[in-house]
Novice: 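Structure incoming, see below.
Each residue takes its place number in the sequence, starting with 1.
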Amino acid sequence: MDKLKKLYEKNLSELLTESIEKLESLPEWKLDLYSSSLSSKSKTEKINHIQEKFLLNDIIYYTLINDLNQLKKPNFKPTNLEILSIDDRFLEANGYLNEKKEKIYSFISEVQKLIQE
């Protein structure tokens, strides 16, 4: 289960890095639109605020966090992993495009392989 935990942590880290890179590429005036209450703060503080706000609403990020918490429990069962129940319609309904869906399916495949070991 250690490999599974590391896989989840790696994927979460990639999601965080990806979101930071996207936000850092935005001009500061655009960041102000998403964090109007922080207009006098630094760009880094605005990025952190926006990231916290929007990642909590990202269903995949939220699912990975929940699954990681399940992995840490002593009575963990692989069937309890929420990521395994995600399907194409669910992703489309939440606005995921093909590239992002492929990444998610690749991750799910890796999880399934580790569970079967």
Side-chain angles (χ1 to χ4, degrees):
M1 289 303 143
D2 239 11
K3 288 182 184 179
L4 193 56
K5 185 178 173 185
K6 286 180 183 179
L7 179 64
Y8 267 84
E9 289 170 347
K10 178 184 170 221
N11 203 303
L12 279 168
S13 175
E14 288 173 2
L15 277 174
L16 291 172
T17 302
E18 184 181 302
S19 71
I20 288 174
E21 288 172 357
K22 285 181 183 178
L23 289 170
E24 285 178 341
S25 70
L26 295 174
E28 198 158 346
W29 66 268
K30 217 167 201 176
L31 293 174
D32 288 340
L33 295 174
Y34 294 106
S35 60
S36 57
S37 62
L38 300 173
S39 59
S40 63
K41 302 288 182 178
S42 71
K43 186 173 182 175
T44 305
E45 289 174 315
K46 291 175 191 176
I47 288 171
N48 290 337
H49 173 75
I50 295 168
Q51 184 183 25
E52 288 173 11
K53 185 176 173 182
F54 287 102
L55 280 178
L56 292 176
N57 294 322
D58 184 320
I59 195 69
I60 297 300
Y61 181 79
Y62 185 75
T63 300
L64 293 175
I65 293 291
N66 285 343
D67 283 355
L68 192 56
N69 290 335
Q70 288 292 325
L71 284 168
K72 294 175 183 176
K73 291 183 178 178
N75 59 349
F76 166 72
K77 294 178 185 174
T79 55
N80 292 345
L81 294 174
E82 293 176 28
I83 198 77
L84 299 175
S85 65
I86 290 179
D87 66 359
D88 199 45
R89 286 186 180 189
F90 176 79
L91 293 174
E92 286 179 7
N94 284 286
Y96 287 91
L97 302 175
N98 284 337
E99 181 182 331
K100 186 114 178 183
K101 288 193 308 188
E102 287 174 18
K103 277 184 169 179
I104 294 167
Y105 291 138
S106 172
F107 175 74
I108 292 171
S109 294
E110 290 179 55
V111 168
Q112 289 171 332
K113 285 178 190 174
L114 288 175
I115 288 172
Q116 291 173 356
E117 287 182 355

Novice: If you define the side chain from C-beta out and look only at heavy atoms, does anything of I60 sit under 4.5 Å from F107?
Specialist: no
Novice: What's the separation between atom CD1 in I47 and atom CD in E45, rounded to the nearest 0.5 Å?
Specialist: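 Separation between the atoms: 11.0 Å.
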Novice: For the residue pair I108 and I104, establish whether any side-chain heavy-atom pair is separated by less than 4.5 Å.
Specialist: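 Yes, their side chains come closer than 4.5 Å.
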Novice: Looking at K53 and N57, what are the two nearest heavy atoms and their distance?
Specialist: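 So the minimum-distance heavy-atom pair works out to O-ND2, 3.3 Å.
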Novice: Under the side-chain hydrogen bond (donor to acceptor under 3.5 Å, both in side chains) rule, collect the residues that match up with T63, sequence neighbours excluded.
Specialist: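 Expected list: none.
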Novice: My understanding is that only residues two or more places apart in sequence, or in another chain, count here; which of them pass side-chain hydrogen bond (donor to acceptor under 3.5 Å, both in side chains) with Y61?
Specialist: none
Novice: Check whether any side-chain heavy atom of K73 sits under 4.5 Å from a side-chain heavy atom of Q70, and report yes or no.
Specialist: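 Of all side-chain heavy-atom pairs linking Q70 with K73, at least one is under 4.5 Å.
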Novice: May I ask you to decide if L16's main-chain N or O and Q51's side chain share a donor-acceptor pair within less than 3.5 Å?
Specialist: yes
Novice: Provide the full list of ring-ring contact (aromatic ring centres under 6.0 Å, His included) pairs with a residue in residues 63-84, sequence neighbours left out, each pair given once.
Specialist: none
Novice: Considering only distance and modelled atom types, tabulate donor-acceptor pairs under 3.5 Å from the side chains of residues 6-15, sequence neighbours left out.
Specialist:
{"residue": "Y8", "atom": "OH", "partner": "D67", "partner atom": "OD2", "Å": "2.8"}

Novice: If you look only at distance, which donor and acceptor atoms sit under 3.5 Å apart when one is on a side chain in residues 81-92 and the other is two or more places apart or in another chain?
Specialist:
{"residue": "S85", "atom": "OG", "partner": "E82", "partner atom": "O", "Å": "2.7"}
{"residue": "D87", "atom": "OD1", "partner": "F90", "partner atom": "N", "Å": "3.0"}
{"residue": "D88", "atom": "OD1", "partner": "K101", "partner atom": "NZ", "Å": "3.0"}
{"residue": "D88", "atom": "OD1", "partner": "Y105", "partner atom": "OH", "Å": "3.0"}
{"residue": "E92", "atom": "OE2", "partner": "K101", "partner atom": "NZ", "Å": "3.1"}

Novice: Going by salt bridge (charged side-chain N to carboxylate O under 4.0 Å, His left out), name the pairs with one or both residues in residues 103-112, residues two or more places apart or in two chains.
Specialist: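 Output for this query lists E18-K103.
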Novice: Return the set of residues passing salt bridge (Lys or Arg N to Asp or Glu O under 4.0 Å) with E24 (not counting sequence neighbours), or none when no residue passes.
Specialist: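 Per chain and number, E24 pairs via salt bridge (Lys or Arg N to Asp or Glu O under 4.0 Å) with no residue.
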Novice: With sequence neighbours left out, which residue pairs that include part of residues 12-31 fulfil the ring-ring contact (aromatic ring centres under 6.0 Å, His included) condition?
Specialist: none
Novice: Report the residues that fulfil side-chain contact (heavy atoms from CB on, under 4.5 Å) with E117, sequence neighbours left out, ordered by chain and then residue number.
Specialist: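 For E117 the side-chain contact (heavy atoms from CB on, under 4.5 Å) partners, ignoring immediate neighbours, are K3, L114.
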Novice: Once rounded to the nearest 0.5 Å, what's the spacing between atom CG of L68 and atom CG of L4?
Specialist: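 Going from the CG atom of L68 to the CG atom of L4 covers 9.0 Å.
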